[in-house]
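Just so it is clear: chains get the letters A, B, ... in the order the sequence lines come, proteins before strands, and each one is counted from 1.
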2 protein chains.
Amino acid sequence: MLLDLLVDPSPDDLVAFLREHLQEGSALLQVAGTCEVAYTGRAASFADAGDYVVMLKADGSVQVHGYKGVKPVNWQPRTDDLWVGLDDAQAVLVAERRSPEELLRVAFLEPALVQALHLREGSGFVLRGSEAEMQRALAHDPSVIEEGLTVLDRELPTDVGGIDLFARDRYGRLVVVELKRAKGTQEAVHQLARYVESVRRFTGEEVRGLLAAPAVTKPALVQLAAAGLEFVEVTALPDVPDGPEQGSLFG
Amino acid sequence: MLLDLLVDPSPDDLVAFLREHLQEGSALLQVAGTCEVAYTGRAASFADAGDYVVMLKADGSVQVHGYKGVKPVNWQPRTDDLWVGLDDAQAVLVAERRSPEELLRVAFLEPALVQALHLREGSGFVLRGSEAEMQRALAHDPSVIEEGLTVLDRELPTDVGGIDLFARDRYGRLVVVELKRAKGTQEAVHQLARYVESVRRFTGEEVRGLLAAPAVTKPALVQLAAAGLEFVEVTALPDVPDGPEQGSLFG
DNA sequence: GGCTCTATTTCGGAG
DNA sequence: CTCCGAAGTAGAGCC
């Protein structure tokens, strides 16, 4: 797991270390120390001398972490070219990317530690509670939203985007359901309004619009009322296993 | 900078190490090794045995990094309670948070490395090219958008959100400007349409809607045309220094 | 405290 | 490839 480690490397040693392990191409590399960081691309930023931990992953992603926060101070999601060398007697890392064209440059003023780790590729990972899962569960048992609802389609494309759930209520009226895993916002209401309008225009039928979420913000509720749309609180969901057999029900 | 480091620590040593440095409270801690990670809270996730680098920052944030990607596999932006101890002869880290109630648990099955680093608090950091800066620049010189434009307000609140720039054109017509730092999407068009509708309703006047961005996507352009809205390409921006004197112009 | 919005969003998926 | 929308979004700003 731990492949290699140097404490207080000289600039030369740091460059050699990084080059060697980048060559290999499968290690996660970290350099901790005082750095200067510059980024240009989608925006531009510059951080003068400060203490950071620089993490280089095997997929070419680079992130520069400061003393706080989950989010790195600077980063690059992917790099097409990675260059390591000496500049003015300092070890320097340059990560470049095309499309979008961007460049991250880290100068290691005082590297305190460099290490190479080998992380085997990911193990089984399960996430529960996404909107996709919520959609699956509600399509499987729409009575949670409303009694007598019949699901016609999921992810139904319209000219203004995809409708999460498309159904008919017990009286045969068309129902557009917009799902939100978290609190429903004005944005969600507007999305719903667009869908309802589109379906109304397309079918000429009466169309109800439901926002199904665990909660709504107050402004969203006002918007809903103003637009003649409805909110349905959806919290505890029935447990539905995922799998291809579920998808085929609605293909 | 490097405070302490252990290779292949025993569970007991790992727990002692973490406790000691958490006590101190100002270090960035990292554990690399084979772990099992579980999260419950806003959603739920579970990752069985895999290789990860766990990073604990002094602000209480925790992140579990896998072999790829900028984004951690699991994380916690802030923790109200951090607990380290032995469970079934394994070192275990539990990071808990209230509001939202969530919990991250990492079991270190085979810790390969643990280290403590001291990162001095951040240095000067400058970011250029954000939407805020774009807004400042365009408010300062709206002729970049259109000749004869007079800015009335920035971040003007309406019942459906805040309008980036609110202005009158050379003929005295009201203009709502929606800014996007990157390519304008359908979402931006809908947002703009919402603002325009709101202002139209509120004032009863004729209202123009402009999407100002370096580019638009094709579907967004279609939507714009359909809604009677306009696109203005805004690329090179005048260089405007930020500072309180700028803000006061529009307070 | 809650609510809203931006982001160098990242990431994954669909056309 | 582009485009779109979700995210346990994170984080900042405002009320």
- Report, as yes or no, whether the 6.0 Å neighbourhood of atom CZ on A/Phe125 holds more than 12 heavy atoms from other residues, nucleotides or ligands. yes
- Query: Should A/Trp75 be listed as having a side-chain N or O under 4.0 Å from OP1 or OP2 of C/dT8?
  - Reply: no
- Task: Would you mind reading off the distance between B/Arg154 atom CZ and C/dT6 atom P, rounded to a whole angstrom?
- Result: 14 Å
- Task: Could you tell me whether the side chains of B/Gln76 and B/Gln63 share a donor-acceptor contact shorter than 3.5 Å?
- Result: no
- Query: Just how far, in rounded Å, is P of C/dA7 from NZ of B/Lys180?
  - Reply: 7 Å
- salt bridge (Lys or Arg N to Asp or Glu O under 4.0 Å) partners of residues 38-63 of chain A, not counting sequence neighbours, each pair once: A/Arg42-A/Glu102, A/Asp51-B/Arg120
- Message: Looking at B/Asp141 and B/Arg136, is there a salt bridge between them, counting it only when a charged N and a carboxylate O are closer than 4.0 Å?
- Response: no
Report each atom pair, protein N/O against N/O of nucleotides 1-5 of chain C, whose distance is under 3.5 angstrom.
residue	atom	partner	partner atom	Å
C/dC3	OP1	A/Lys183	NZ	3.3
C/dC3	OP2	A/Lys183	NZ	2.3
C/dT4	OP1	A/Thr217	OG1	3.4
C/dT4	OP2	A/Thr217	OG1	3.3

- With a 4.0 Å cut-off on heavy atoms, is B/Gly69 in touch with a base, just the backbone sugar-phosphate, or nothing at all? sugar-phosphate
- How far apart are the closest heavy atoms of B/Leu138 and B/Val151, and which atoms are they? O-CG2, 4.5 Å
- Among C/dG12, D/dA6, C/dC11, the nucleotide that comes nearest once only the side chain of B/Val70 is considered: C/dC11
- Query: For atom P, what is the distance between C/dT8 and C/dT4, given to the nearest Å?
  - Reply: 22 Å
- Pick the nucleotide of DNA chain C nearest each of B/Lys71 and A/Lys71; which residue has the one closer to the 5' end? A/Lys71
- Atom-to-atom span, CD of A/Gln63 to C1' of C/dT8 - whole angstrom: 14 Å
- Task: Determine the contact category for B/Pro77: base if any of its heavy atoms lies under 4.0 Å from a base atom, sugar-phosphate if only primed atoms, P, OP1 or OP2 are that close, otherwise nothing.
- Result: base
- Rounded interatomic separation in angstrom, taking CD from A/Glu155 and P from D/dG5: 10 Å
- Query: Does A/Asp81 come within less than 4.0 Å of A/Arg97, counting only side-chain N to carboxylate O?
  - Reply: no
- Message: Please report the distance, rounded to the nearest Å, between CG in A/Leu127 and P in D/dA6.
- Response: 15 Å
- Message: Any side-chain N or O of A/Arg42 below 4.0 angstrom from OP1/OP2 of C/dT10?
- Response: yes
- Below 4.0 angstrom, N of the basic side chain to O of the carboxylate: do A/Asp164 and A/Lys180 qualify? no
- Task: Return the value, rounded to whole Å, for the distance between atom CG of A/Asn74 and atom C1' of C/dT10.
- Result: 16 Å
- For B/Gln76 and D/dG8, what is the distance between atoms CD and C1' respectively, to the nearest whole Å? 9 Å
- Checking all strands, does A/Thr40 fall into the base, sugar-phosphate, or nothing category for heavy-atom contacts under 4.0 angstrom? nothing
- Task: Can you tell me the distance, in whole Å, between the NZ atom of B/Lys68 and the C1' atom of C/dC11?
- Result: 9 Å
